[in-house]
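In what follows, a single structure is set out as structure tokens and then discussed.
Letters A, B, ... mirror the listed sequences (proteins, then strands); counts begin at 1.
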Amino acid sequence: MYRHLEHRLARHVLEFLRRRYPAATLPNVVMEQPPRVELGDFAIPIFPFAKPLRTAPLKIAEAIRADIGPIEGIAEMQVAPPGYLNVKIDRAWMAAALAADQRPPADIPAGKILVEHTSINPNKAAHIGHLRNAILGDTFVRLLRYAGREVDIQNYIDNTGVQVADVVVGFTHIEKKSRAEIEALAGQPRFDYYCWDLYARVSQWYAQDKQNLQVRAQTLHGIEDAASETAVIAELISTAVLRRHLETMGRLDIEYDFLPRESEILHLHFWDAAFTKLTDSGVLTFENEGKNKGCWVMRRAGTDRVARALLPATADANKTNGSDTPDDLDDLLIAIPLKPGVDFRLSGISEEDQKVIVRSNGTVGYVGKDIAYHMWKFGLLGRDFAYRKFYRYPNLHDCWISATEGEKDHPHFGDVAEIYNVIDARQSEAQNTVVEALRGLGHNETADHYTHFSYEMVALTPRCAAELGYTLSEEDKARSYIEVSGRKGFGVKADDLLDQLIVSAKSEVDSRHPQLTDAERLSIATQIAIGALRYFMLKFTKQSVIAFDFKEALSFEGETGPYAQYAVVRATSIFKKAAMDPDIFCREVAGDVSAGDFARYLAGDNADEIWELWLASAKTSYIVSQCIATTEPAYLARHAFQLAQLFNTFYHRHPILSEPDEKRKQFLLATVAVVRRELIRALAVMGITAPPVM
RNA sequence: GGGCGCGUAGCUCAAAUGGAUAGAGCACCGGAUUUCUAAUCCGGUGGUUGCAGGUUCGAUUCCUGCCGCGCCUACCA
């Protein structure tokens, strides 16, 4: 509603100025919010118009105010020095629309969106860093769906990489376990915890003797051959850990539609298809000298092509195709899985700007697989996975997994219009390389619909690390935060944190509501714990490193999820006390408050406080669109908090059920009902529900 | 060395494409309820926005340089 009105106002102002100054080229109308609600609901800075119109800002503002004429939903305009046009909304009009829950139809872009998030290596338990990823990703999915978009959720599983290999090494070489023993362990409740510890031990084992790294190489090689015993064990372990991850995320109400695995990208030869296209287009080039001799390389994203001209040694090597192939190239080609007749070029890229995609031994690196995978995402590869059902959620939603041979009937995945990859900031260079590959293939427009949803890591404060029993170097103690490391087993496990939050919330609920059954109290405590955790991960902007601290994360007061949940509970309790159903009241009664009553009770300066509550309630979809446009869910968290804060102030100042004026009481109840509805919606987009009591 | 990012109150963080008096939470101090339960509310203390220039009617925001910190920069993923 708010968003709609803002657009309408901007359009009217611009049209007015066009009529008044037909000759001038006008800048965009910028909409802001005045610092205080008394000043108005929209603020339009007029300064940018002064120069093109050769008129003082105040004069322009005055002209608009006096002559623009009536606009539906706008009550009045005021000119404010040094050059603002402040606009007040017709409060009764807006309140009536909001009470009736009118939502003007928005233009929803066509096309499916693919959001990839979580993507934890399936070799150990999920930790708080993974939680941030999954919560950001899941919230972004909810934002898109709230805005009416169709979304597929994918969780990429790197089940053939070094990390899985390392745990396989742990089981087979350190613990010397048989396949049957591993299978038995994998059936244990928190198998991922077992792997967490083992993974850290493997890292130590490598550090003890560099010779041990050869075992890793052998294991990695073994995994790629699907028929080998090593591959079977790796599959066994990674699948069991993957199930644990789905369970962990399921506790937070985070679900996936499809789990593409690296093993299928390998076995279905996605890379071969991509390789042909990449070499044909000259994106991928061959390097025949220097440290990357014998590799297929790409230009590192962000490096400048001009730089190459400064390197005389490589100038000749970039002539275009194989016609000027050096003599020794044929030898090198034997080691490379090249089809005859493939057209290729020599790289001619300076060494430091090269990104190795195919190693000289012919194996493909991570970025190469990622390029192929992203071509598939956009339907550009010409190949598809096979699919089978993997996991059924309690709500009966099925999560599918990639397979070499799958089920006949399956949903259509991939081939989407837009993608968002929730991946931490450390991988932005790799992400950019994938985008550049798409551009190089001529898919510029497609590349524009590729968004790296980049966020910073979760680290531990030195105090937190000490609490966990880690001994810190003097250097680490002086840092403001210390990076989590799965390799070292250094971090806070997701399930542990959630358990702790539940225990902590439970003791609060126990003391407040002893009359409830234990199951009821546990259910409430769980909702509170999830609310606290999800809010905590969303309140920080993406680019801020979260220095994790138990005291803050376990807090249920102040700017927290439970604070917002509590506001909903309070709103609900008013209706409960009055023996009314808040949802029914909101749907069927709130809209009956007459325009006259809205006008009366929202008029004047002393109604500003209540109006502010209505205004904030009107902003939910506006905020949602801001979050999507900026890929920043933190704005929504802030909005929910502000709504809750305004409500708590209102709740404190205005006794509602004891209000003697029956019409005013209805108005106040409508206020509560609308705020409650919008707060519940905002929280739902963050994956937070409000318990019945707190 | 190069690339990306960060530096705001004692602490943790906000501040939408540059806008009106830089805001919250925590901590600390002082208050509020026999009411729709206080996981709440009200008030107070707390700032040279790292430093120096520049652009602009206007800079926490944009540009340049410097200082400090983090991440990336592997034929790892």
Side-chain angles (χ1 to χ4, degrees), chain A residues 28 30-36 39 43 45 47 50-51 57 80-84 86 121 158 160-165 216 220 262 287 291-297 300-303 352-361 363 365-367 369-370 424-430 432 454 456-457 459 461 479-481 483 505 508-509 512 528 532 539-541 543-547 549 551-552 555-560 562-563 565-567 569-578 623 626 629-630 632 634-635 638 641-642 645 648-649 651-658 668 672 693-694:
Chain A
N28 280 332
V30 175
M31 284 289 174
E32 292 172 1
Q33 285 154 39
R36 293 181 311 280
L39 294 173
F47 313 102
K51 213 173 245 176
Y84 291 96
N86 287 335
N121 274 302
D158 179 6
T160 57
V162 207
Q163 295 214 17
V164 168
R216 172 198 266 179
L220 204 46
E262 190 170 84
E287 181 57 48
K291 71 172 174 122
N292 296 330
K293 182 172 178 170
C295 297
W296 290 89
V297 301
R300 195 180 290 290
T303 60
E352 62 198 17
D353 290 348
Q354 292 174 9
K355 177 77 194 163
V356 172
I357 306 298
V358 182
R359 303 181 190 105
S360 59
N361 65 4
T363 58
Y366 153 79
V367 179
K369 291 173 206 159
D370 221 24
D424 79 77
R426 285 171 292 192
Q427 294 200 44
S428 46
E429 192 181 286
N432 289 337
S454 168
E456 271 294 349
M457 62 185 170
T461 60
R479 293 176 198 271
S480 56
Y481 55 81
E483 193 173 349
E508 291 290 329
V509 178
R512 286 161 208 249
I528 293 170
K539 71 193 269 194
F540 303 93
T541 52
Q543 76 277 10
S544 163
V545 175
I546 298 181
D549 186 80
K551 187 167 160 286
E552 264 187 83
S555 168
F556 299 147
E557 288 167 18
E559 196 188 343
T560 65
Y563 176 92
Q565 289 172 312
Y566 187 63
V569 168
R570 283 180 136 182
T572 307
S573 72
I574 295 171
F575 288 97
K576 223 179 264 177
K577 185 82 171 192
I623 300 289
Q626 295 265 328
T630 55
E632 182 49 273
Y635 297 141
R638 198 150 301 274
F641 176 64
Q642 277 168 2
Q645 215 173 19
N648 275 328
T649 307
Y651 177 92
H652 185 255
R653 295 235 180 109
H654 302 275
I656 292 159
L657 296 180
S658 59
L668 292 174
V672 176
V693 295
M694 278 178 79

**Prompt:** Can you list the stems that RNA chain B is part of, where a stem is at least 3 pairs in a row, each Watson-Crick or G-U, with both distances below 3.5 Å?
**Reply:** B:1-7 with B:67-73, B:10-13 with B:23-26, B:28-32 with B:40-44, B:50-54 with B:62-66
**Asked** Got a sec, which residues hit side chain to side chain contact (heavy atoms under 4.5 Å, CB included) with A:H654, two or more places apart in sequence or on another chain?
**Response** A:E609, A:I610, A:F650, A:R664
**Asked** Are the side chain of A:K539 and the backbone N or O of A:E559 linked by a donor-acceptor pair below 3.5 Å?
**Response** yes
**Fill in**
From CD of A:Q565 across to C1' of B:A39 the rounded distance in Å is 10 Å
**Request:** I would like to know whether A:K576 and A:V693 meet side-chain contact (heavy atoms from CB on, under 4.5 Å); could you show each step before the answer?
**Result:** CA-CA 11 Å; A:K576 223 179 264 177; A:V693 295; 3.9 Å; yes
**Item:** side-chain contact (heavy atoms from CB on, under 4.5 Å) evaluation trace for A:E262 with A:T160
**Value:** CA-CA 6 Å; A:E262 190 170 84; A:T160 57; 2.5 Å; yes
**Message:** Regarding B:A38, can its base be found pairing with the side chain of A:N648 as donor and acceptor, where the two atoms are less than 3.5 Å apart?
**Reply:** no
**Prompt:** Taking the P atom of each, how far is B:U37 from B:C26, in whole Å?
**Reply:** 23 Å
**Message:** Using a 4.0 Å heavy-atom cut-off to protein, can you give one letter per nucleotide of nucleotides 21-30 of chain B, 5' to 3': B if the base is in contact, S if only the sugar-phosphate is, - if neither?
**Reply:** B--SSS----
**Prompt:** Run the side-chain contact (heavy atoms from CB on, under 4.5 Å) check on A:Q565 and A:F556 step by step: do they pass?
**Reply:** CA-CA 10 Å; A:Q565 289 172 312; A:F556 299 147; over 6 Å; no
**Prompt:** For nucleotides 69-77 of chain B, read 5' to 3', which letter fits each nucleotide if B means a protein heavy atom sits under 4.0 Å from the base, S means only the sugar-phosphate is that close, and - means neither?
**Reply:** -SSSSSBSB
Give each protein N/O atom lying under 3.5 Å from an N/O atom of nucleotides 32-36 of chain B, with the pair distance.
from: B:C36; atom 1: O2'; to: A:S573; atom 2: OG; distance (Å): 2.9
from: B:C36; atom 1: N3; to: A:I656; atom 2: N; distance (Å): 3.2
from: B:C36; atom 1: N4; to: A:Y651; atom 2: O; distance (Å): 2.7
from: B:C36; atom 1: N4; to: A:H654; atom 2: O; distance (Å): 2.7
from: B:C36; atom 1: N4; to: A:P655; atom 2: N; distance (Å): 3.4

**Prompt:** How far does the P atom of B:A27 sit from the matching atom of B:G18, given to the nearest Å?
**Reply:** 37 Å
**Asked** Mind checking the P distance from B:G46 to B:U40? Whole angstroms is fine.
**Response** 25 Å
**Message:** Please give the distance between the P atoms of B:A16 and B:C62 as a whole number of Å.
**Reply:** 10 Å
**Request:** Evaluate the side-chain proximity of A:E456 to A:I546: yes if any heavy-atom separation is below 4.5 Å, no if none is.
**Result:** no
**Request:** Select from A:P45 and A:T649 the residue whose nearest nucleotide in RNA chain B is closer to the 5' end of that strand.
**Result:** A:P45
**Message:** My understanding is that only residues two or more places apart in sequence, or in another chain, count here; which of them pass side chain to side chain contact (heavy atoms under 4.5 Å, CB included) with A:E632?
**Reply:** A:T541, A:K542, A:Q543, A:T630, A:A634, A:Y635
**Any residue meeting side-chain hydrogen bond (donor to acceptor under 3.5 Å, both in side chains) with A:T572, in chain and number order, not counting sequence neighbours** = A:R676
**Request:** Would you classify A:V164 as touching base, sugar-phosphate or nothing, given that sugar-phosphate means primed atoms plus P, OP1 and OP2, and contacts are heavy atoms under 4.0 Å?
**Result:** nothing
**Asked** With rounding to whole Å, what would you report as the distance between B:G5 and B:C42 at their P atoms?
**Response** 39 Å
**Prompt:** Between atom CD in A:E32 and atom P in B:U61, what is the gap in whole Å?
**Reply:** 16 Å
**Asked** Do A:N292 and A:Q354 have side-chain N/O donor and acceptor atoms under 3.5 Å apart?
**Response** yes
**Item:** Residues in side chain to side chain contact (heavy atoms under 4.5 Å, CB included) contact with A:K291, at least two apart in sequence or another chain
**Value:** A:E351
**Message:** Suppose you measure atom P in B:G10 against the same atom in B:U45; what distance do you get, rounded to whole Å?
**Reply:** 14 Å
**Item:** Between C1' of B:C57 and NZ of A:K51, the distance in whole Å
**Value:** 9 Å
**Item:** Under the salt bridge (Lys or Arg N to Asp or Glu O under 4.0 Å) test, residues paired with A:D549 that sit two or more places apart
**Value:** A:R463
**Request:** Using the test side-chain hydrogen bond (donor to acceptor under 3.5 Å, both in side chains), find all partners of A:R638 that sit at least two apart in sequence or belong to another chain.
**Result:** none
**Asked** Should A:R216 and A:V162 count as side-chain neighbours, where that means a heavy-atom distance under 4.5 Å?
**Response** yes
**Request:** Quickly work out the A:D353 CG to B:G1 P distance and round it to whole Å.
**Result:** 18 Å
**Prompt:** So what does A:F556 touch, heavy atoms closer than 4.0 Å: a base, only the sugar-phosphate, or nothing?
**Reply:** base
**Complete:** With sequence neighbours left out, the residues meeting side chain to side chain contact (heavy atoms under 4.5 Å, CB included) with A:Y566 are A:R570, A:M694
**Prompt:** When you measure from the side chain of A:S555 to the backbone N and O of A:K551, does any donor-acceptor pair fall under 3.5 Å?
**Reply:** no
**Message:** Rounding to an integer number of angstrom, what distance separates B:G7 and B:U49 when you compare their P atoms?
**Reply:** 14 Å
**Prompt:** Under 4.0 angstrom, heavy atoms only, what part of the nucleic acid is A:N86 near: base, sugar-phosphate, or nothing?
**Reply:** base
**Request:** Take atom CD of A:Q626 and atom C1' of B:U17, then tell me their distance rounded to the nearest Å.
**Result:** 10 Å
**Request:** Please list, chain by chain and in numerical order, all residues satisfying side-chain hydrogen bond (donor to acceptor under 3.5 Å, both in side chains) with A:T560, sequence neighbours excluded.
**Result:** none
**Asked** Given atom OH of A:Y566 and atom P of B:U37, what is their separation to the nearest angstrom?
**Response** 8 Å
**Message:** What's A:F540 touching, base or sugar-phosphate or nothing? Going by heavy atoms closer than 4.0 Å.
**Reply:** sugar-phosphate
**Asked** If we take the C1' atom in both B:G47 and B:G31, what is their distance in whole Å?
**Response** 26 Å
**Prompt:** Toward the 5' end of RNA chain B, which comes first, A:V30 or A:I546, by nearest nucleotide?
**Reply:** A:I546
**Complete:** Quick note, A:S544 side chain, CB onward, closest among B:A16, B:A39, B:C13 is B:C13
**Prompt:** Which part of the nucleic acid, if any, lies within reach of A:A43 when heavy atoms closer than 4.0 Å are counted: base, sugar-phosphate only, or nothing?
**Reply:** base
**Request:** Can you tell me the distance, in whole Å, between the CD1 atom of A:I528 and the P atom of B:A39?
**Result:** 11 Å
